[in-house]
There are 2 protein chains.
Amino acid sequence: MKNQKQIKNQKQIARELGISVATVSNALRGKGRVSASVIKLVTSRAEQVGYFPSAAGRALKTGRSNILGLVVPDITNAVFPKFAQGVEAEADKCGYGILIADSRGTQAGQNSAIRQLIQRGVDGIIVLPQRCTAPEVTSVPCAFASTPGDINNTVAANHIQGGQIAARALLDLGHRNFLLLGNDSESQVQKDRIQGMMEALEGIAQFEVCWTPDVFPDLVEKNKTGVTAILTVSDLLALRAVTQAERAGLKCPQEISVMGFDDLPLATAVRPTLSTIVPNTTELSKRLVAYLSAAIHRDVILPKPSLVDMSIILRESTGPVATHSPHSTRRLK
Amino acid sequence: MKNQKQIKNQKQIARELGISVATVSNALRGKGRVSASVIKLVTSRAEQVGYFPSAAGRALKTGRSNILGLVVPDITNAVFPKFAQGVEAEADKCGYGILIADSRGTQAGQNSAIRQLIQRGVDGIIVLPQRCTAPEVTSVPCAFASTPGDINNTVAANHIQGGQIAARALLDLGHRNFLLLGNDSESQVQKDRIQGMMEALEGIAQFEVCWTPDVFPDLVEKNKTGVTAILTVSDLLALRAVTQAERAGLKCPQEISVMGFDDLPLATAVRPTLSTIVPNTTELSKRLVAYLSAAIHRDVILPKPSLVDMSIILRESTGPVATHSPHSTRRLK
DNA sequence: CCAATATGCTTAAACGATTAACCAGATCGC
DNA sequence: GCGATCTGGTTAATCGTTTAAGCATATTGG
């Protein structure tokens, strides 16, 4: 019995049941006027033969593919996975699939990725912008998930506020002399995080900002000059700071506290585990998908960029400032 | 001047040029019989109005979407990004887009993800299987990128060989007493890696296998019993081993060598930088996409699973075994 | 009891690209 | 000079779904 005919479309179901394709379509979509009995008949038959509507056919007629594009500057960036997971889950809830594209770190790549996605028929695009590059005019709705300091921003994690709570947490622990570590002074995200830290420290504590694209500061030296807390813009930098410090005999957190950013998986794998600032990717994803969904259906266009606060996770790499004077030089031999 | 009419399709171009849509299609695709002059006319006009073929229209007619699905067990798994990047780049070269789906770590999730992708009209699917689960019968070609020990495997990184070269590198450095560290004894990938290590060590060196889902072994204790080298199944485990050892005053690599796996970004962020085993994701991606592409076009179906060798990167976390007896107890104060 | 409305379904026309089939005019072989 | 072939197109059908419009039959209001 050749029970599984290859072609399972509305036409086949219609023919088998002796009704028209329009009725099949209406019955399955719950539109038009179809009797309850026919609806039951059609749906059960569809279920039975394993029918599902052709994405291409539907897309052609409706002009919607139910697919969103996601453009990331660099997939291997450690922040990407959590974000992608959030977006994928949220999109899935709303009936959207996610088509990914890597902009390969350049503005040209970003534009070409966006064009490609449009040509593939996506209904909307979420862009994690590279260097705050201005979006080209596009024929589909586009959400830019950037940072507060980016003018093109649509929805963003509040990196400035993240920097602030990082600094405040260590102020609360008694620290008054900070080293602020970044590794890419061109990155708006990093600039915003550092800015937040500086805002919170200004007038209350001493601090020094250090951009370390290649050369890493001598932490023992810094500690001798009084630094007891290091605020970094990423868990990777925090990891480097912690391991470098411990290797040089500087105990973390007893002698020096280190704060990371992003809560990467490594944060709990390393000892001491890293205190860190974590973006609310779930909420971010929700707003991004909701924004696009609204824009696609031309319901409402939210005009102003919205910010999602970050939260803090205190683990082992941060602690109260040592009770003895932080300026004391320690065991000179 | 309303130069940019919204609708840019073949019909519009045909009308404007006074020719038929068939000729437009033929001219653009280089099929059929069209004079050189008309081809130039059509292509330049298409260029001018920014025409590109509708993905839905083409997909409907040709039955191909030029989109591949990618099912991953867990996007936040740190191995994913590099793999996704390779697949995306390779797919892009072949004219395919990548639709991602997260199987949320369960077999049910995996099956539902596959079904979803099929319903979205993908031409083929790449699956990173969860726990070596058997694939459902699918209506589209499916490539399983698993591990040598998986029976459903299509193309895989040779995790067994990876374990072997990890072990041999440390044997070459003089080590003869090993600790093998895994954290998920149900994972076929981890089992294969450990198996490779054991194969290389068997009869040559002493070793102990330790699965650490939660409790981590006391490395100082192990070192006292003679262990000088730790082989792990992941960079995260290696990171934990290194930092735990250094915290306990056990110098790496002077007193203990640690080998990671996968070459995650953290491998170069931590001090000492991690020696690690790195899969050739580029080659893997190439073979996977090539396999699917062939299967889609019903050209050739490669029958036997193929394996891609891994390579080793030696950094700071591994070194020659200490010249003094490894069994010596060290500075008991 | 008849017009108005509701119900349940069918017909047919899209959506945009592809492609088999056809056709007029030019060219060619012999 | 005439059938055969080639050239450069056109016509029309098709992919699978959606949806406006149409058309019976049944139901209701007054």
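Quick caveat, the model's predicted, so the values are computed rather than measured. Numbers restart at 1 for each chain; the letters A, B, ... are given by sequence-line order, proteins then strands. What's counted below: heavy atoms across the whole structure, side chains too, no hydrogens, waters or symmetry copies.
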J.: Side-chain N or O of A:Gln12 less than 4.0 angstrom from OP1 or OP2 on D:dG16?
T.: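 Negative; the distance criterion is not met.
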J.: To the nearest Å, how far apart are B:Phe52 CZ and C:dG16 P?
T.: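 Taking atom P of C:dG16 as the reference, CZ of B:Phe52 is at 12 Å.
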J.: Looking only at side-chain atoms of B:Ala22, point me to the closest of D:dT17, C:dT19, C:dC9.
T.: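 Closest nucleotide among those given: C:dT19.
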J.: Can you measure B:Lys11 atom NZ to D:dT11 atom P for me and round it to whole angstrom units?
T.: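 Roughly 14 Å, once rounded to whole Å.
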J.: If the cut-off is 4.0 Å, is B:Lys8 near the phosphate of C:dG16, judged by side-chain N/O to OP1 or OP2?
T.: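 Checking B:Lys8 against C:dG16: no side-chain N or O falls below 4.0 Å of OP1 or OP2.
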J.: To the nearest angstrom, how far is B:Arg58 atom CZ from D:dC15 atom P?
T.: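 Computing the B:Arg58:CZ to D:dC15:P distance gives 19 Å.
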J.: Please determine if a side-chain N or O atom of A:Arg29 lies less than 4.0 Å away from the OP1 or OP2 oxygen of D:dT17.
T.: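 No, no such contact exists.
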J.: Is any NZ, NE, NH1 or NH2 atom of the basic residue among A:Glu90 and A:Lys93 found under 4.0 Å from an Asp or Glu carboxylate oxygen of the other?
T.: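 Result for this pair is yes, salt bridge flagged.
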J.: Please give, in whole Å, the distance from D:dG16 P to A:Tyr51 OH?
T.: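 To the nearest whole Å, that distance equals 10 Å.
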J.: Please tell me if A:Arg64 has a side-chain N or O lying less than 4.0 Å from either OP1 or OP2 of D:dT18.
T.: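 Checking A:Arg64 against D:dT18: no side-chain N or O falls below 4.0 Å of OP1 or OP2.
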J.: Considering only heavy atoms from C-beta outward, does the side chain of A:Leu28 approach that of A:Pro53 to under 4.5 Å?
T.: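 With C-beta onward as the side chain, the pair stays apart.
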J.: Compare the minimum distances between each of D:dG9, C:dT18, C:dC9 and the side chain of B:Arg33, then state the nucleotide with the smallest one.
T.: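 Ranking D:dG9, C:dT18, C:dC9 by closest atom to the B:Arg33 side chain puts D:dG9 first.
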J.: Using whole Å, what does the distance between atom P of nucleotide D:dT19 and atom CG of A:Leu60 come to?
T.: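 Between P of D:dT19 and CG of A:Leu60: 13 Å.
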J.: Rounded to the nearest 0.5 Å, how far apart are CG of B:Leu128 and CG of B:Asp74?
T.: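 These two atoms lie 11.0 Å from each other.
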J.: How long is the span from the CG atom in A:Asn280 to the CG atom in A:Asn158, to the nearest 0.5 Å?
T.: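 Spacing of CG (A:Asn280) from CG (A:Asn158) equals 12.0 Å.
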J.: B:Ile13 CD1 to C:dG16 P: how many Å, rounded?
T.: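 In whole Å, C:dG16 P and B:Ile13 CD1 are 13 Å from each other.
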J.: Closest-nucleotide mapping onto DNA chain C: is B:Gln10 or A:Thr23 further toward the 5' terminus? I mean the 5' end.
T.: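 So the residue in question is A:Thr23.
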J.: Counting side-chain heavy atoms from CB outward, which of C:dC9, C:dT19, D:dC15 is closest to A:Ser35?
T.: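 So the side chain of A:Ser35 is nearest to C:dC9.
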J.: Has A:Ser25 got a side-chain N or O lying under 4.0 Å from the OP1 or OP2 atom of D:dT18?
T.: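 Yes, such a contact exists.
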J.: If the cut-off is 4.0 Å, is A:Thr62 near the phosphate of D:dT18, judged by side-chain N/O to OP1 or OP2?
T.: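 No.
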J.: Where the side chain of B:Lys61 is defined as all heavy atoms beyond and including C-beta, which of C:dC15, D:dT11, C:dA17 is the nearest nucleotide?
T.: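 It is C:dA17.
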J.: Is any side-chain heavy atom of B:Arg104 closer than 4.5 Å to a side-chain heavy atom of A:Asp92?
T.: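 Counting from C-beta outward, B:Arg104 and A:Asp92 do come under 4.5 Å.
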J.: What's the shortest heavy-atom distance between B:Val289 and B:Val87, and which atoms?
T.: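 What the structure gives for the nearest pair is CG2-O, 4.4 Å.
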J.: Counting the atoms with a prime plus P, OP1 and OP2 as sugar-phosphate, which does B:Val38 contact under 4.0 Å by heavy atoms, base, sugar-phosphate, or nothing?
T.: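 The residue B:Val38 makes sugar-phosphate contact but no base contact.
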J.: Report which part of the nucleic acid B:Ser54 touches: base, sugar-phosphate, or nothing (heavy-atom distance under 4.0 Å, all strands).
T.: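 Touches sugar-phosphate only.
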J.: Nearest whole Å is fine: how far is C:dT18 C1' from B:Asn9 CG?
T.: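 Those two atoms, CG and C1', are 14 Å apart.
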J.: Could you tell me the separation between the CG atom of B:Asn26 and the C1' atom of D:dT11, rounded to a whole number of Å?
T.: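 From B:Asn26 CG to D:dT11 C1': 13 Å.
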